Protein chains: 2
Amino acid sequence: MVEQHPVILDSIFHALSDTTRRAMLRDLAEGERSIGELAAPFDMSFAGASKHVKVLEQAGLVQRRIAGRTHYCRLNADRLAEADAWLRYYERFWTRGLDTLEALLRAEDERAGKMGK
Amino acid sequence: MVEQHPVILDSIFHALSDTTRRAMLRDLAEGERSIGELAAPFDMSFAGASKHVKVLEQAGLVQRRIAGRTHYCRLNADRLAEADAWLRYYERFWTRGLDTLEALLRAEDERAGKMGK
DNA sequence: CAAATTTTAAACCAAATGGTTGACTATCCG
DNA sequence: CGGATAGTCAACCATTTGGTTTAAAATTTG
């Protein structure tokens, strides 16, 4: 069981590992935003915020549309879904009130089952 | 709507942004592992792998139990659940066959609804 | 005790990160 | 045209990252 797109996951999780960038994504969840609108909430230079947007864009989390002098960004949730898909593998370890130890035992059982085939 | 634990999310997503560390977590999903066992698959110095484990540990994704000279690690999925909870907010943008544009329109509608109250 | 095993710690290195400032490009408007 | 607006780019800086090597600590084993 090998990851399909490790480099892409690297870039997605890296993009998500910064508070400023996660806040920008929240903003984008409410609709299209210009770079200036994305930058406004932060006590940071415009160019600094612009770099954060570029990180999001290069991770594929955001898509850019240029209209005149304004660059509009919109969320690309497909990439978030890839991160979610990676995490989903571990879902059994935290859902349905199982404690982690019990889930680990279950994982070991499953593994033993596979090896037995 | 503000994030509860931004610094913790930073460290979790950062820990997940490296292929080696994600592979270690996959390994740990099958049961407890010593540092040496975690390091074995990688073409990397032992000390290098040990540093990766430390990153996972400091992000709270892994817990360490010391038995003699051997350090055993086990998965702490609660922290993965925190990352998942963050992502879940965006679930509506990729589920149920909605395309992203439609979901964005829906988000804008919801927002308009809130502002109307 | 001495040697082997498991792991950390410290020092070091190159590259990437997150931020700045200043100059530049492009567009819109009067 | 000329000025204001939106944004990028390049250079720079301090810090972090991911990796190495060597030394050292702790434990087990002969």
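Lettering follows sequence order; numbering is per chain, from 1. Predicted model, so just to flag it, every value in this text is computed and none were measured.
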Task: Partners passing side chain to side chain contact (heavy atoms under 4.5 Å, CB included) against B/S45 (at least two apart in sequence or in another chain) - done: B/A47
Expressed as a whole number of angstroms, how long is the span from [X]:[atom1] to [N]:[atom2]?
X     : N      : atom1 : atom2 : result
A/D43 : C/dG19 : CG    : P     : 11 Å
A/F13 : D/dT17 : CZ    : C1'   : 18 Å
A/L56 : C/dG18 : CG    : C1'   : 13 Å
A/R65 : D/dA6  : CZ    : C1'   : 14 Å
B/H52 : D/dT20 : NE2   : C1'   : 12 Å
B/D18 : D/dT16 : CG    : P     : 18 Å

TODO: Scan residues 46-57 of chain A for pairs that pass salt bridge (charged side-chain N to carboxylate O under 4.0 Å, His left out), counting only residues two or more places apart or in two chains.
DONE: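 Applying salt bridge (charged side-chain N to carboxylate O under 4.0 Å, His left out) to every pair that reaches into residues 46-57 of chain A, excluding sequence neighbours, yields A/E57-A/R64.
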- [ ] Write out all pairs satisfying salt bridge (charged side-chain N to carboxylate O under 4.0 Å, His left out) with one or both partners inside residues 34-44 of chain A, taking only residues at least two apart or from two chains.
- [x]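 Those involving residues 34-44 of chain A do not exist here.
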- [ ] Name all pairs fulfilling the ring-ring contact (aromatic ring centres under 6.0 Å, His included) condition that reach into residues 11-65 of chain B, sequence neighbours left out, sorted by first residue then second.
- [x]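 Checked against ring-ring contact (aromatic ring centres under 6.0 Å, His included) - neighbours excluded - the pairs reaching residues 11-65 of chain B are B/F13-B/W86.
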Open item on the list: If you assign A/H14 and A/G48 each to the DNA chain C nucleotide with the nearest heavy atom, which residue ends up on the more 5' nucleotide?
Closed with: A/H14
Open item on the list: Restricting to side chain to side chain donor-acceptor pair (under 3.5 Å), what partner residues turn up for A/Q58, sequence neighbours left out?
Closed with: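 Counting only residues at least two positions away or on another chain, A/Q58 forms no side chain to side chain donor-acceptor pair (under 3.5 Å).
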- [ ] Could you list the residues that satisfy side chain to side chain donor-acceptor pair (under 3.5 Å) with A/T19, not counting sequence neighbours?
- [x] B/D10
Open item on the list: On the nucleotide D/dG19, are OP1 or OP2 found under 4.0 Å from the side-chain N or O atoms that B/S45 carries?
Closed with: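 Negative; the distance criterion is not met.
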Please list, pair by pair, any protein nitrogen or oxygen found under 3.5 Å from a nitrogen or oxygen in nucleotides 24-27 of chain D.
{"residue": "D/dT27", "atom": "O2", "partner": "B/R69", "partner atom": "NH1", "Å": "3.3"}

Task: Partners passing salt bridge (charged side-chain N to carboxylate O under 4.0 Å, His left out) against A/R88 (at least two apart in sequence or in another chain) - done: A/D84, A/E91, B/E91
TODO: Before giving the answer on side-chain contact (heavy atoms from CB on, under 4.5 Å), spell out for B/L16 and A/L87 the whole-Å C-alpha distance, their side-chain angles and the decisive distance to 0.1 Å.
DONE: CA-CA 10 Å; B/L16 295 181; A/L87 277 171; 4.3 Å; yes
Open item on the list: So B/S34, base contact, sugar-phosphate only, or nothing? Heavy-atom distance under 4.0 Å.
Closed with: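 The residue B/S34 makes sugar-phosphate contact but no base contact.
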Grab the N/O contacts between the protein and nucleotides 8-12 of chain D below 3.5 Å, and write none if there aren't any.
{"residue": "D/dT8", "atom": "OP1", "partner": "A/R64", "partner atom": "NH1", "Å": "2.0"}
{"residue": "D/dT8", "atom": "OP1", "partner": "A/R64", "partner atom": "NH2", "Å": "3.3"}
{"residue": "D/dT8", "atom": "OP2", "partner": "A/S50", "partner atom": "OG", "Å": "2.3"}
{"residue": "D/dC9", "atom": "OP2", "partner": "A/K54", "partner atom": "NZ", "Å": "3.3"}

Task: Geometric cation-pi criterion, A/R26 with B/Y89: 6.0 Å, 45° - done: yes
